[in-house]
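Worksheet: one structure, shown below.
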Amino acid sequence: MGLNLDMRRGLPDSRGGNYFREQEKEKKSSKGKQTSSGAEKTSAPTQPKQTQTGFSQRSDPTGKHTLQKTDSGNSRGSGFHKEVVESTTVEDKSSTQKSGFSSGERRGGGFSTQPQTAVDISRGGGFFSGDSSGNYGFRTENATPRGGGFSSATGYGFDKTATTTPRNGGFSRPVSQVSRAGENALGNVQAGAANVTEIFRFLYEAGQPSRTTREEEQRREIENNLARAQRDMEILQQDNAPAADRISQQNIIDYWQRQLDAFSTVLDGQVQQKATQATSRLSDQMYEQGLRQMEDAYRGADPFEVGFLRAEEAAIRGAQRGLANAVLPGGAAAWQTVQNFGTGIRESRQAGGDLGEQLQAGLKAAYPLQKKYWAVLGDTGGKAEELTPFLRGFLDEEPKLSKPTGEKDAFSLGFEGEEPKTSKPAAEVEKDPFLIGFEGEDSSEVSANYYSEPETDDKKEVDPYSNIHYHEDGTVVVTDDWKPQGKKTLPSRYNPNAVVETSTLYKDGHKQVDRSFYDADGWLVYQIHSGNHNKPHTHKFGADGSEAFHKHLFYRTETGIKRDPKMYELTEAEKIANRDILNGGKS
Amino acid sequence: MTEKSFCEMLETTEPYFYFHGIDYQICAVNGGFLAGESDHEDEDIWFATKDDLLYKWKLQGVALIEALPEIEFL
């Protein structure tokens with residue numbers, strides 16, 4: 001079976017085995033559905049923005065400001081990430097010893113309390129998958145398998161002949177099965193590693209124009225320095241300066257000349273181009289080898305083995321996600337997004353796409369997971385964002401992408417089988433200033449096919465309790481207006497993400513509007529009071545004590561909630577989100 | 001209003017109510033309750049607990065616990 005790298009036939013995924021699964025599907029479409037990858041459940045981190053960071057600026061009535069960690073981030077108990085991973089344990093039926101390959105659930109591991117699936121090759125040909133940053137590797141050990149597994153004398157391959165003489169525990173049939181398992185495992189890991197390699201190649205290559213610009217500037221500066229040194233030498237010669245001075249000046253000239261010569265060797269990024277080309281070749285080789293190994297593993301496998309191998313794939317991916325989450329909460333989604341991004345840009349590059357087209361394809365591939373990533377990110381209080389700025393960088397481009405208006409081209413952003421949701425006259429198509437914005441590069445040809453579909457109000461507010469929403473001016477969206485009902489008892493638990501607005505009409509005629517915010521689990525977490533309850537002396541906030549508006553925090557207890565004994569001044573973000581009721585509130 | 005419902009209200013709300021034509025305000029301050037007539041902050045009294053508030057705060061000579069059935073919210 002030849003290796004077909006036309007990956008565009010299906011949506012790319014992170015496994016790198018897309019090609020093979022399609023092949024397999026064609027071959028054995030009647031043999032059941034694919035094993036799904038480890039199911040990943042993420043609960044939407046729908047917390048009030050004001051407390052997402054887990055810290056709040058507090059001040060006591062004396063004006064002392066402190067940063068204190070709020071319990072609200074944890075106490076809401078939404079659980080930011082729950083991962084369920086398939087696990088499979090394969091044992092040799094004819095032997096009490098563990099077969100050479102097993103995959104199962106390994107808990108703990110000293111770095112995470114989350115259930116994680118780990119793949120363990122006990123002897124020979126083990127591999128390891130690395131951290132969330134995408135550093136995956138594998139290793140083969142030159143060891144004789146005890147349990148009748150496989151051995152790898154050199155490289156990534158497997159010595160299938162070694163399985164004929166297992167030391168311990170014979171296999172009636174698992175020889176080829178275990179070998180296939182190993183090949184499949186390494187194939188998966190290799191393809192994943194290739195994707196990550198591809199990403200870094202792309203990022204490096206994408207930055208080449210700016211590097212070239214910097215190099216040219218530096219070269220011009222060196223040329224100027226050289227010219228200045230040569231002029232100084234002319235002056236010294238005209239003045240018949242001492243020989244020592246002229247020698248010294250000649251040394252200066254020689255120095256700048258060497259600098260210029262050195263720069264000439266890297267003109268136009270020749271060195272860097274070679275580096276990226278080499279990385280591309282390496283990435284392609286790894287990727288293709290990974291696909292081949294997976295293909296070999298599946299070839300000739302009976303239905304039982306196919307099921308096992310697919311479970312094994314799921315276990316590998318589960319382990320990778322588990323590791324990613326162990327290192328960084330929410331990292332699994334980020335990791336998978338990175339993988340998909342790599343797959344997308346690889347396919348585009350192999351199809352001859354330029355950098356802009358590669359980026360488009362990468363974003364398209366990463367798009368399905370972006371929302372999940374951000375959902376998880378919301379629960380990490382921005383931690384992931386800080387740790388993965390490059391990820392944030394390309395994810396930020398996503399909103400600029402949307403559905404194509406007309407026929408799909410090779411790099412259509414519409415997903416296969418998905419019809420454009422709206423049509424828009426070409427004349428109205430917004431020019432997308434997107435892409436990488438290289439100088440002199442015309443992106444209009446690419447961008448003309450895409451437009452940012454404007455969101456309608458209906459879309460924005462499909463479910464007012466799905467999260468805390470904000471108006472375009474930054475003010476929070478009130479989900480429940482109880483002002484007409486007058487002041488009433490606020491429940492300690494209500495609709496998730498509710499923002500309840502109440503008011504108190506005082507005897508002198510003025511009205512104070514307050515807001516109560518509920519978390520994703522429906523627990524009251526804080527209130528913003530826009531006035532001083534007619535008690536100005538005990539409600540002085542802000543630097544000069546001129547602010548009457550303030551905030552009350554509530555904490556979860558075993559029996560319900562408890563009000564924080566202190567009152568707090570509002571953060572700047574809270575002032576913006578509630579500015580429509582501050583300083584008197586709505587009338 | 002019953003004692004139970006009023007105590008539940010105190011958990012999440014700073015009640016402003018009328019009793020016999022006078023308006024009163026209770027504020028949650030320093031883990032306790034600052035209570036008094038709405039426009040007479042200088043006469044406010046701070047109570048550490050709900051029980052103190054209910055039984056020791058006198059509204060026109062009547063303990064809050066006894067005034068509860070007659071208080072009104074506008």
Side-chain angles (χ1 to χ4, degrees), chain A residues 60-62 482-494 500 502-512 514-518 523-540 548 550-557 559-568, chain B residues 1-54 56-60 62 64-65 67-74:
Chain A
D60 57 28
T62 63
W482 291 355
K483 292 195 300 295
Q485 305 172 38
K487 187 81 170 182
K488 59 177 292 185
T489 299
L490 285 157
S492 57
R493 195 169 193 186
Y494 184 57
V500 179
T502 56
S503 66
T504 302
L505 178 61
Y506 287 93
K507 195 174 184 177
D508 60 5
H510 92 269
K511 184 186 288 185
Q512 176 176 318
D514 304 327
R515 282 177 180 158
S516 298
F517 294 78
Y518 293 81
W523 290 101
L524 178 62
V525 284
Y526 68 100
Q527 292 174 332
I528 289 182
H529 291 170
S530 66
N532 58 22
H533 311 279
N534 268 358
K535 299 188 183 301
H537 298 307
T538 49
H539 294 82
K540 292 181 178 178
H550 57 283
K551 176 173 65 177
H552 290 274
L553 301 179
F554 294 84
Y555 299 123
R556 286 285 306 279
T557 65
T559 56
I561 61 170
K562 178 178 174 60
R563 182 193 281 117
D564 188 296
K566 292 183 178 178
M567 292 180 281
Y568 299 96
Chain B
M1 173 170 271
T2 65
E3 178 183 353
K4 181 183 177 184
S5 58
F6 188 79
C7 287
E8 288 175 354
M9 173 182 277
L10 287 175
E11 293 290 335
T12 60
T13 311
E14 295 174 301
Y16 173 76
F17 58 91
Y18 286 81
F19 176 68
H20 292 176
I22 296 177
D23 55 328
Y24 296 90
Q25 175 76 57
I26 301 174
C27 285
V29 176
N30 293 333
F33 303 95
L34 192 64
E37 289 186 38
S38 179
D39 296 329
H40 298 77
E41 188 178 10
D42 53 342
E43 298 175 8
D44 282 350
I45 304 170
W46 183 82
F47 300 93
T49 66
K50 286 179 191 171
D51 282 347
D52 285 349
L53 179 70
L54 285 168
K56 296 180 180 176
W57 185 30
K58 306 290 185 183
L59 289 72
Q60 304 168 44
V62 180
L64 175 60
I65 187 71
L68 283 180
E70 297 182 57
I71 64 174
E72 297 174 290
F73 295 90
L74 297 181

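Within every chain, numbering begins at 1; the chains are lettered A, B, ... in the order of the sequence lines, protein sequences first and strands thereafter.
- Heavy atoms of B:Leu34 lying under 4.5 Å from chain A belong to its backbone as well as its side chain.
- Heavy atoms of B:Asp44 lying under 4.5 Å from chain A belong exclusively to its side chain.
- For chain A, the nearby part of B:Tyr18 is the side chain; its heavy atoms alone come within less than 4.5 Å.
- The environment of B:Lys56 atom NZ is sparse: at most 12 non-hydrogen atoms of other residues, nucleotides or ligands sit within 6.0 angstrom.
- Nearest heavy-atom pair across A:Phe554 and B:Thr12 is CE2-CA, 4.1 Å.
- Interface remark: of the candidates A:Lys562, A:His537, A:His539, A:His537 forms the most heavy-atom pairs closer than 4.5 Å to chain B.
- Of all heavy-atom pairs spanning B:Cys27 and A:Lys535, the tightest one is SG-CD, 3.6 Å.
- One finds the OG1 atom of A:Thr489 at 4.5 Å from the CE atom of B:Met1 (value rounded to the nearest 0.5 Å).
- Atom NZ of A:Lys507 has more than 12 heavy atoms from other residues, nucleotides or ligands within 6.0 Å.
- Residues A:Met567 and B:Val29 have side chains in contact (heavy-atom distance under 4.5 Å, counting atoms from C-beta outward).
- One distance of note links CD of B:Glu11 with CD1 of A:Ile561; it measures 7.0 Å at 0.5 Å rounding.
- With a 4.5 angstrom heavy-atom cutoff, A:Leu524 touches chain B only via side-chain atoms.
- Side-chain atoms of B:Glu14 do not come within 3.5 Å of backbone N or O of A:His533 as any donor-acceptor pair.
- Taking 4.5 Å as the limit, every side-chain heavy atom of B:Gln25 sits out of range of all side-chain heavy atoms of A:Asn534.
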